[in-house]
Amino acid sequence: MKLEQLLKDSTVAIFKEEFNTEIATHTVTINITKKEHEGDYTIVVFPLIKFSKKSPEQTAEIIGTKLKEKNKIVASFNVIKGFLNLSFTDAYWANRLKEIADSKNYGSFALNGQKVVLEYCGPNTNKPLHIGHLRNMLLGFSMSEILNAAGYDVTKVNIYNDRGIAICKSMVAYLRYGNGSTPQSTGIKGDHFAGDWYVKWNEKAKEELQTIAGTKGDFDEDQKLTELFKETQEMLLKWEAGDADTMALWNRMNGWVYEGFQKTFNLLGVDFQKDYFESQTYLMGKDIVEEGLQMNVFKKRGDGAVVIDLTADGLDEKVLLRSDGTSIYITQDLATAELRHTEFGMDKMIYVVANEQDYHFKVLKLALQKMGKNWADGIYHLSYALVESPTGRFKSREGKTADADDLIAEVLRIAKEKTKELGKTEGFSDEQAIELYKTIGLGALKYFVLRVNPYKKIIFNPEESIDFHGHTGPFIQYTHARICAILRRAAEIDLTGFQNLHNLAAIERELIILLSEYENTISAAAEKYDPSEVANYVYNLAKTYNKFYHDFPILSAVTDLEMKLRIELSKQTGIIIRKGMKLLGIEVPEKM
RNA sequence: GGCCCGGUAGCUCAACUGGAUAGAGCAUCAGUUUUCUAAACUGAGGGUCAUUGGUUCGAGUCCAAUCCGGGCUACCA
């Protein structure tokens, strides 16, 4: 029985008995008691006084007295203004720890029968992954772990933007200047290799523009005047016509890119159960548009374009199909959504995509809902803000790219340097040491990104942002390593009966309460689609443990029972830290 | 112009969705190792929660207006 629920139900019953009124369970608000006051949980009685028709103090006093009478786990209570602070018996908390220790799957909910399709990453194949993808991947992966723990059946999918003018630019530049080089021959990672030719294309186009009169100074427009661009457009037409040579080159180049991406995915520990390719979906969508027209949800405009009128919903009239009958992005997305629904029959579909596309996803969801597709109610756009450098947005055109691979490499380098400095790898083999640098470096990076609420932008300064002290991944990892050290020494100790210790220190109770809140944290993170809930929870837990660790002897506790309980407390804290960090996609070392 | 999202300590972020004296970390200063890992712990200073009004027992949180910053408002993706 959940403590909160018990308190709420009891309070409702008390209102019936004492004040002869029915109150709704949700009017009883319960918080964890603030540290400066005595107590474990607090009932805020202000919302209840209109039912009790007594002063806040009197009401609190009555509820407190009756709660204590009815529940022997209530040890004492105090009333401050309208706040009823309840303390539970140490026996209750010691048994709560026992309960957590005994429950095998603490922190992973039973399957709830709901299916989720979660799309994330969504790279273009003409350039390497950048810091935005990094935030996307970390959020997406963590969200899938959290939803899994919350009982959902999650399928992770990726969609590759693998066609169009951009990849053709890479192909043309490679044909012209590549001389048959390959990632293997140059030693360049495949996605970077393809990206380099895309950069080359832009350089060459600019060179060519200097020989052309009548430019407007707008590269997006001017580039169309170049021979290079014409060649690229021809390439695109040949691709669309399925020309054998073009397809072969396209396949070859994209193959390199996927190989490169896969390395990054592996390093980060992210994965997908299914890949979608724009090249396979870009022609789809005519059917669903036709369906919408039949239903009179969409309409054909005078110029032949198919549109949906969303002005009543505060949006605009939105084109869904070009006047020449070809698909655009939204057309594909409509079709892909429908396709996924037939494939998976999911209850929720989550798109992890930057907030630049908020409008797009509103349109997508509304259009499908207006077509009467009930499953569209389960569409959720996990929108996240951009990652910016201290001087503003990272812009590839200004050469201020934040390449994901570079960033990861930099973090690993710093982790190695700092770890060696502290002499933490004594007694480690070379492989173990490298593994540790990776764990710590990635831990720092991932935690840095995930501790922030998704809708808030992140200011990222590669030199300064990665820290290993304080509110960081390595701080939490370190706490875990300390716990492991204790447990190694305590391996032989029989912990049976620890719950019989019935006088706990404040910090011990605080720790048990925190452990007790873990499942609530998972629920909150899943409901809000927000991994930062978990990140902040785990930090809080680690910080509290460190204080406990500092203030109390564990292995050399005075009594046997104290020792047992403290070891168990350490053990459970370690387990929850490991589980919580896993939800963030972060590993924790046993030594560091 | 319209719509969406931000604005909290010098910096990076919290605040249990309307609850108590707004909390952490970094940075600064001062401390804590013969005792389980000092990537730790303790203490100090640092705040007009962008501004102004409103709603109520109570507002960083809700409403209105204003000011800053960003995004969208494409038959691009």
Side-chain angles (χ1 to χ4, degrees), chain A residues 29-37 42 44 46-47 49-50 56 80-83 85 122 124 161 164-166 220 278 282 301 303-307 314-316 318-333 354-360 362 383 385-386 388 390 392-393 418-419 421-422 424 440 444 448 451-453 455-461 464-465 467-472 474-479 481-490 517 520-521 524 528 532-533 536-537 539-540 543 546-547 549-557 566-567 570 591-592:
Chain A
T29 52
I30 295 174
N31 299 336
I32 293 180
T33 305
K34 298 235 168 197
K35 277 193 187 131
E36 59 267 30
H37 297 106
T42 296
V44 184
F46 290 111
I49 57 174
K50 63 180 165 197
I80 299 173
K81 290 187 273 182
F83 298 94
N85 301 322
N124 299 319
N161 302 303
I165 197 80
D220 285 342
E278 199 207 330
Y282 85 109
R301 219 163 49 183
D303 59 4
V306 175
V307 299
L315 305 179
D316 302 302
K318 186 79 188 170
V319 174
L320 301 177
L321 193 69
R322 288 195 187 98
S323 49
D324 66 4
T326 57
S327 303
I328 51 177
Y329 186 42
I330 187 89
T331 330
Q332 291 174 50
D333 265 5
N355 65 4
E356 298 164 304
Q357 296 195 32
D358 287 354
Y359 188 88
H360 172 82
K362 274 187 195 163
S383 169
L386 298 171
E388 295 184 1
R393 189 172 174 173
K418 299 281 180 193
T419 306
E421 226 170 70
L422 289 169
K424 292 285 186 181
I440 294 174
F448 177 80
R451 61 175 270 220
V452 182
N453 220 308
Y455 61 77
K456 287 205 175 183
K457 71 180 177 200
I458 293 181
I459 310 289
F460 185 77
N461 181 346
E464 291 172 17
S465 294
D467 200 354
F468 300 82
H469 302 273
H471 193 171
T472 66
F475 169 90
I476 299 164
Q477 292 172 322
Y478 176 69
T479 309
R482 273 177 146 184
I483 290 172
C484 287
I486 297 240
L487 296 180
R488 274 193 298 273
R489 286 160 184 262
E517 288 287 323
N520 284 342
T521 306
K528 292 157 126 176
S532 74
E533 288 278 328
N536 286 308
Y537 166 84
Y539 169 68
N540 214 349
K543 190 172 161 53
N546 276 328
K547 187 173 163 54
Y549 178 94
H550 179 268
D551 291 351
F552 290 89
I554 296 168
L555 295 172
S556 52
R566 287 176 191 168
I567 293 170
S570 302
K591 286 184 189 173
M592 70 182 274

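Naming: A, B, ... by sequence-line order, numbering from 1 per chain. Keep in mind that what you see is a predicted model, and the values were worked out from it rather than measured. Computed from heavy atoms alone, side chains included, the values below leave out hydrogens, waters and symmetry copies.
Taking atom CG on D551(A) and atom C1' on rU33(B), their separation rounds to 15 Å, with Å as the unit. We find that CG of N31(A) is positioned 9 Å from P of rC16(B), with the value rounded to whole Å. If you take NE2 of H550(A) and P of rU35(B), they are 12 Å apart, rounded to a whole angstrom. The CD atom of Q357(A) sits 11 Å away from the C1' atom of rC76(B) (whole-angstrom rounding). With rounding to whole Å, F448(A) atom CZ is found 12 Å from rG25(B) atom C1'. Look at CG on L386(A): it is 13 Å from C1' on rG69(B), rounded to the nearest Å. Rounded to whole Å, the distance from CD1 on I476(A) to P on rA40(B) is 11 Å. Here the C1' atom of nucleotide rC57(B) and the CZ atom of F83(A) are 10 Å apart, to the nearest Å.
Pair assignment for rC3(B) gives rG71(B), based on Watson-Crick or G-U wobble hydrogen-bonding distances that are each under 3.5 Å. Across all strands shown, rA77(B) forms no Watson-Crick or G-U wobble pair with both distances under 3.5 Å. Pair assignment for rC11(B): rG25(B), on the basis of Watson-Crick or G-U wobble contacts that are both within less than 3.5 Å. As the counterpart of rA64(B), rU52(B) is assigned, both hydrogen-bonding distances of the Watson-Crick or G-U wobble pattern falling under 3.5 Å. Partner assigned to rU42(B) is rA30(B), using Watson-Crick or G-U wobble distances below 3.5 angstrom.
Remark: Y329(A) is not in phosphate contact with rA77(B), judged by side-chain N or O atoms under 4.0 Å from OP1 or OP2. Between K543(A) and the phosphate of rG25(B), there is a side-chain N or O to OP1/OP2 separation shorter than 4.0 Å. Using a 4.0 Å cut-off, some side-chain N or O of R482(A) falls inside it from OP1 or OP2 of rA38(B). Remark: K362(A) is not in phosphate contact with rC4(B), judged by side-chain N or O atoms under 4.0 Å from OP1 or OP2. Within the 4.0 Å cut-off from OP1 or OP2 of rU42(B), at least one side-chain nitrogen or oxygen of K547(A) is found. Listed pair K456(A) / rG7(B) meets the phosphate criterion, a side-chain N or O lying under 4.0 Å from OP1 or OP2. Within the 4.0 Å cut-off from OP1 or OP2 of rU21(B), at least one side-chain nitrogen or oxygen of K81(A) is found.
Judged by distance alone with a 3.5 Å cut-off, no donor-acceptor contact links the side chain of N540(A) to the base of rA14(B). In this model, a side-chain donor or acceptor of T42(A) finds a partner on the base of rA20(B) within 3.5 Å. For K34(A) against rU21(B), a side-chain-to-base donor-acceptor contact under 3.5 Å is absent.
If you check every strand for non-hydrogen atoms under 4.0 Å, I328(A) touches sugar and phosphate atoms only. Within 4.0 Å of K591(A), counting heavy atoms only, lies at least one base atom of the nucleic acid. Nucleic acid contact class of Y539(A) (heavy atoms, under 4.0 Å, all strands): sugar-phosphate only. Heavy atoms of V452(A) sit under 4.0 angstrom from primed sugar atoms or phosphate atoms, though from no base atom. If you check every strand for non-hydrogen atoms under 4.0 Å, Y359(A) touches sugar and phosphate atoms only. Using a 4.0 Å heavy-atom distance criterion, H360(A) is classed as making no nucleic acid contact. Contact annotation for N85(A): base contact, defined as any heavy-atom pair under 4.0 Å involving a base atom. Among the atoms of the strands shown, only primed sugar atoms or phosphate atoms (P, OP1, OP2) are found under 4.0 Å from some heavy atom of N546(A). P47(A) comes within contact range of at least one nucleobase, with a heavy-atom separation under 4.0 Å. When heavy atoms are screened at a 4.0 angstrom cut-off, R301(A) is found touching base atoms of the nucleic acid. F552(A) comes within contact range of at least one nucleobase, with a heavy-atom separation under 4.0 Å. If you check every strand for non-hydrogen atoms under 4.0 Å, T419(A) touches a base. Counting non-hydrogen atoms under 4.0 angstrom, R489(A) reaches the backbone sugars and phosphates but no base. Within 4.0 Å of I49(A), counting heavy atoms only, lies no atom of the nucleic acid at all.
For F46(A) and rG19(B), the ring-to-base geometry satisfies the stacking test (centroid distance below 5.5 Å, interplanar angle below 30°).
Side-chain atoms of R322(A) do not come within 3.5 Å of backbone N or O of I328(A) as any donor-acceptor pair. Remark: the backbone N or O of N85(A) is not paired with any side-chain donor or acceptor of T42(A) at under 3.5 angstrom.
Side-chain contact of Y537(A) with N520(A): a donor-acceptor pair under 3.5 Å is absent, judged by distance alone. Of the N and O atoms on the side chains of T479(A) and N546(A), at least one donor lies less than 3.5 Å from an acceptor on the other residue.
Comparing rU21(B), rG25(B), rG69(B) by their nearest atom to the side chain of H471(A) picks out rG25(B). When the nucleotides rA40(B), rU73(B), rC4(B) are ranked by their closest atom to the side chain of H469(A), rA40(B) comes out on top.
A distance of 6.5 Å separates OG1 of T419(A) from CE of M592(A), quoted to the nearest 0.5 Å. Atom CG of L386(A) sits about 14.5 Å away from atom CZ of F460(A), to the nearest 0.5 Å. To the nearest 0.5 angstrom, I476(A) atom CD1 is 6.0 Å from H471(A) atom NE2. Here CZ of R482(A) is found 9.0 Å from CD1 of I554(A). Values are rounded to the nearest 0.5 Å.
Here the separation of rU48(B) from rC11(B), taken at their P atoms, is 12 Å to the nearest Å. Taking atom P on both nucleotides, rC72(B) is separated from rU28(B) by 39 Å, rounded to a whole Å. The gap from the P atom of rA20(B) to that of rG58(B) amounts to 14 Å, rounded to the nearest Å.
Checked against the 6.0 Å centroid criterion, the rings of F468(A) and Y478(A) do not qualify as a close aromatic pair.
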